[in-house]
Amino acid sequence: MKQDVHINGAAHSSIKHDSAEKHVTGRAEYTDDINEPTGTLHAALGLSQIAHGKIASMDLSAVRAAPGVVAVLTPEDIPGENDVSPNGLHDDPIFAPGLVQFWGQPVFAVVAETRTQARHAAALAKIEYEALPHALDPIAARDAGMGYVTKPLTLRRGEAKAALAKAPRRIAGRFEVGGQDHFYLEGQIAMAIPGEDDEVSIHVSTQHPSEVQHMVAHVLNVPSNAVVVNVRRMGGGFGGKETQMNLFACVAAIAAKKLGRAVKIRPDRDDDMEATGKRHDFVIDYEVGFDDTGKILAVEGDFYARCGFSADLSGPVTDRALFHADNAYYYPDVELRSHPMKTNTVSNTAFRGFGGPQGVIAAERIVEEIAYALGKDPLEIRKANLYENGQLTPYHQEVEDQILPRIFEELEASADYQARRQAVLDWNAKGGVIRKGIALTPVKFGISFTATWFNQAGALIHIYNDGSLHLNHGGTEMGQGLNTKIAQVVAEAMGVHIERIRITKTTTEKVPNTSATAASSGTDLNGMAALDACNQIKERLIRFAAEKYSVHEDEISIGETVVIGDQTLPFASFIREAYMARIQLSAAGFYKTPKIHWNRDTGQGRPFFYYAYGASVSEVSIDTLTGEYVIERADVIHDVGRSLNPILDKGQVEGAYIQGVGWLTSEELWWDAKGRLRTHAPSTYKIPLASDRPKVFNVALADWSVNRENTIKRSKAVGEPPFMLGISVLEAIGMAVASVNDYRECPRLDAPATPERVLMAVERLRK
């Protein structure tokens, strides 16, 4: 079948984000911009002021009497179950039912005529607590016998202990890796509008509309078909709106149905940061055995995670940390153990990379340890231990698509790594206050939900009789360009210009049982589902044309100009003919990822459909008197397969690198001894600024890469894998610090490597 090759916005072309102009002009409509129905009320949460304790008494009379207050919600006002846990463990209440388990836990909600009235009223509660002992970090929780929030995992291949005992060289150490707040520009927000009978419609900023639907139905004690969830776009998510939005949507829905009026809830940034989960902090105890060439022989590791008071997604997050604890390197004998520790802190949750970055950085610390022990360039150790095709990961998946050797070769050359490393060594040899460092680090990241059932998606496509197309799919747009890419897939499949396609809000009314837009799978899954819908419609149209015009199907081409044998028709005219002939012009597409399987009990399987690869070189300067640092230059080559939209993918790589650098350098979560998060606002929590970007920032896509698996147009996921490219900055800072001791000792910088930590490391190594 012929294809129109001149399609505006076809797949693999660099076109702008569909909402780009709306974003920069402020015309993009978010949940808070939706016109509120007459009589809309506003809710606010009352948060606990203790890390762990029983509620001895709670006097809400002043709250109820406050100006504008219409209602106060407590556990007794929930028609269904007081729970929003995403895992069926029933351990995550909407309102604390008499027992408070972290500072900032919602205890009640106030509903008032205005948002300001609700917030002020919430502060008037008089609550007395019977304090109980609390543990805030994973090691303290372990020592206090707090236990796990969910079942741990062990990955094992070979005999790690025996291999360690026989290894010529052994190193053991501990690595503390900090968490990270999502700091989405648009905070958590939901607006619920009551309908007739048991119905309710919810506009919400969520990555997982179907889960919100399920949770709201669960707490209202109604079937899912009574709940409609709508998402046009989010102002950022990064995993923070995968499960954490459930609470806010449910509070709004409970109040709306109770009061018969629309209810909106938008917490203040401080409350948002206190009451919602973060990236998991980890304490990692590792031991590695290796030989005199730097070849890794065995690895053993324990990964203790600060999970918070409930499980949330800590099980799969800590699983994925183990899945990526090898990063790009083959461990002949290995045993890795997760420890999802219960702590008296907010329940931690999904964050870009979903535990993978914490695993990858452990692998890079091991490489760093070996390099300093042997006096070698860490890049030499990396090259010596890269996976070869045919080798098995610790979870027994065969590596089949290794392309890092080529990425290394190209990046070394384009970044002039060897000459620049020598220049850094020469600079540091002169002594002085300013020291430099440079590092080249890779990433190998597995793509798929490890919860196999989430690897499915649906899409709905209508062609109206004027030739315009309506596209709806189960993914959510949070700025990453998902809608644009899916529209490009549809444009190419139907052979029409992208201007014909209207991208509509995600809604549970059109595509049911959707998976979260997470695990970097949004385009992989929804793109294939949309393609399936297109193919169904095209098959009908081709059969119709072949019958009507008495030509063979091979002589028909659907596109802006429809070719039927020796005749041509404009697309809109052809569609009108099909409509008049009563041809169905709508289709629901579906896709499920093939090949994947995973047995958690045995720790074996193929949890990932394929791997995405990349590498970065970062050069930094540090001030040894203050600990301050600057990223002088960064060079990146990243693998996105055959890119659906190179300019959008490049933007994702750039943003991921910067966010990864923030996690490892400036973004510090700090709880005081009472268990209160003190870094809960822009004044105390420091994300990277535009001025923190590398002075020179070179980002390239591995445009020669084509996914060997049958993904959408042979592309690869791009959301999460490049996040770990920022690890090269931490490694480069480590080299600069190590120079004060002539590189004789691994600097063992914990993350985030704030200026204070860098300064302390410099002083420690000088001694």
Side-chain angles (χ1 to χ4, degrees), residues 41 43-60 63-64 70-111 118 122 125 127 129-130 132 149-150 188 190 192 194 198 200 202 204 206 208 211-224 226-227 229 242-259 263 265 267 271 274-277 307-314 342 344-349:
L41 299 171
L45 297 175
L47 305 180
S48 70
Q49 303 294 299
I50 192 171
H52 190 205
K54 296 177 182 178
I55 297 175
S57 66
M58 183 162 64
D59 181 359
L60 301 179
V63 179
R64 290 188 171 92
V70 175
V72 174
L73 304 180
T74 62
E76 291 71 30
D77 296 290
I78 300 174
E81 188 173 351
N82 180 21
D83 176 68
V84 286
S85 59
N87 44 45
L89 295 178
H90 306 282
D91 61 351
D92 202 342
I94 297 172
F95 303 126
L99 177 67
V100 167
Q101 299 193 70
F102 73 94
W103 190 301
Q105 183 171 5
V107 178
F108 63 92
V110 186
V111 186
I127 305 176
Y129 304 95
E130 179 186 327
L132 297 171
V149 294
T150 189
Q188 303 279 7
D198 57 2
V200 63
I202 301 172
V204 58
T206 181
H208 202 343
E211 184 169 276
V212 170
Q213 179 190 33
H214 169 77
M215 291 295 173
V216 169
H218 177 71
V219 301
L220 291 181
N221 197 25
V222 301
S224 291
V227 181
V229 177
E242 185 172 346
T243 65
Q244 299 295 291
M245 177 47 64
N246 296 340
L247 167 74
F248 301 94
C250 287
V251 168
I254 293 165
K257 292 304 289 183
K258 179 181 177 69
L259 301 170
V263 175
I265 180 168
D271 290 347
E274 281 195 12
T276 63
C307 296
F309 80 100
S310 67
D312 193 79
L313 296 174
S314 293
K342 179 172 183 174
N344 294 120
T345 51
V346 64
S347 189
N348 282 331
T349 191

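Keep in mind that what you see is a predicted model, and the values were worked out from it rather than measured.
Between the SG atom in C250 and the CG atom in L220 there is a gap of 7.5 Å [rounded to 0.5 Å]. Between the NE2 atom in H208 and the NE2 atom in H214 there is a gap of 9.5 Å [rounded to 0.5 Å].
Judged as a side-chain contact (heavy atoms from CB on, under 4.5 Å), and not counting sequence neighbours, N221 has no contacts. Every side-chain contact (heavy atoms from CB on, under 4.5 Å) that A217 has, sequence neighbours left out, goes to V222, S224, V227. Every residue meeting the side chain to side chain donor-acceptor pair (under 3.5 Å) condition with N246, not counting sequence neighbours, appears here in chain and number order: E211. Judged as a side chain to side chain donor-acceptor pair (under 3.5 Å), and not counting sequence neighbours, the contacts of T243 are D312, T349. Here E274 pairs with R676 under the salt bridge (charged side-chain N to carboxylate O under 4.0 Å, His left out) rule; sequence neighbours left out. For Q213, there are no side chain to side chain donor-acceptor pair (under 3.5 Å) partners two or more places apart in sequence or in a different chain. With sequence neighbours excluded, the residues forming a side-chain contact (heavy atoms from CB on, under 4.5 Å) with A249 are A190, I202, V204, V212, V216, listed by chain and number. With sequence neighbours left out, the side-chain contact (heavy atoms from CB on, under 4.5 Å) criterion links S314 to V149, H280, C307. Looking at residues two or more places apart in sequence or on another chain, you find a side chain to side chain donor-acceptor pair (under 3.5 Å) between T345 and T343.
Among pairs with a residue in residues 76-85, those fulfilling salt bridge (charged side-chain N to carboxylate O under 4.0 Å, His left out) read D77-K258, at least two apart in sequence or across chains.
Residues F108 and L60 meet the side-chain proximity criterion, which asks for heavy atoms closer than 4.5 Å. In this structure the side chain of F309 never reaches within 4.5 angstrom of the side chain of N348, judged on heavy atoms. Within the 4.5 Å cutoff, no side-chain heavy atoms of D92 are placed close to those of N87. Counting heavy atoms from C-beta outward, N82 and V219 have side chains that stay 4.5 Å or more apart. The shortest distance between side-chain heavy atoms of K342 and Q101 falls below 4.5 Å. Considering only heavy atoms from C-beta on, V107 stays 4.5 Å or farther from F95 through its side chain.
Here the closest heavy-atom approach between residue A43 and residue V251 is recorded as CB-CG1, 4.4 Å. Considering all non-hydrogen atoms of both residues, A96 and P75 come closest at O-CG, 4.1 Å. Across L89 and S85, no two heavy atoms sit closer than the pair N-OG, 3.9 Å. Of all heavy-atom pairs spanning D198 and K257, the tightest one is C-NZ, 3.7 Å. Nearest heavy-atom pair across A311 and D91 is N-OD2, 2.9 Å. Looking at every heavy atom in both residues, A125 comes nearest to V63 through N-CG2, 3.5 Å.
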message: Evaluate V111 against V72 for side-chain contact (heavy atoms from CB on, under 4.5 Å), listing each step before the verdict.
response: CA-CA 6 Å; V111 186; V72 174; over 6 Å; no
task: Verify side-chain contact (heavy atoms from CB on, under 4.5 Å) between L132 and N344, making sure each step is shown before the conclusion.
output: CA-CA 10 Å; L132 297 171; N344 294 120; over 6 Å; no
Just distance, no hydrogens or angles: give the donor-acceptor pairs under 3.5 Å from side chains in residues 45-57, sequence neighbours left out.
residue : atom : partner : partner atom : Å
S48     : OG   : F102    : O            : 2.8
S48     : OG   : G104    : N            : 3.1
S48     : OG   : Q105    : N            : 3.1
Q49     : NE2  : L47     : O            : 3.2
H52     : ND1  : P133    : O            : 2.5

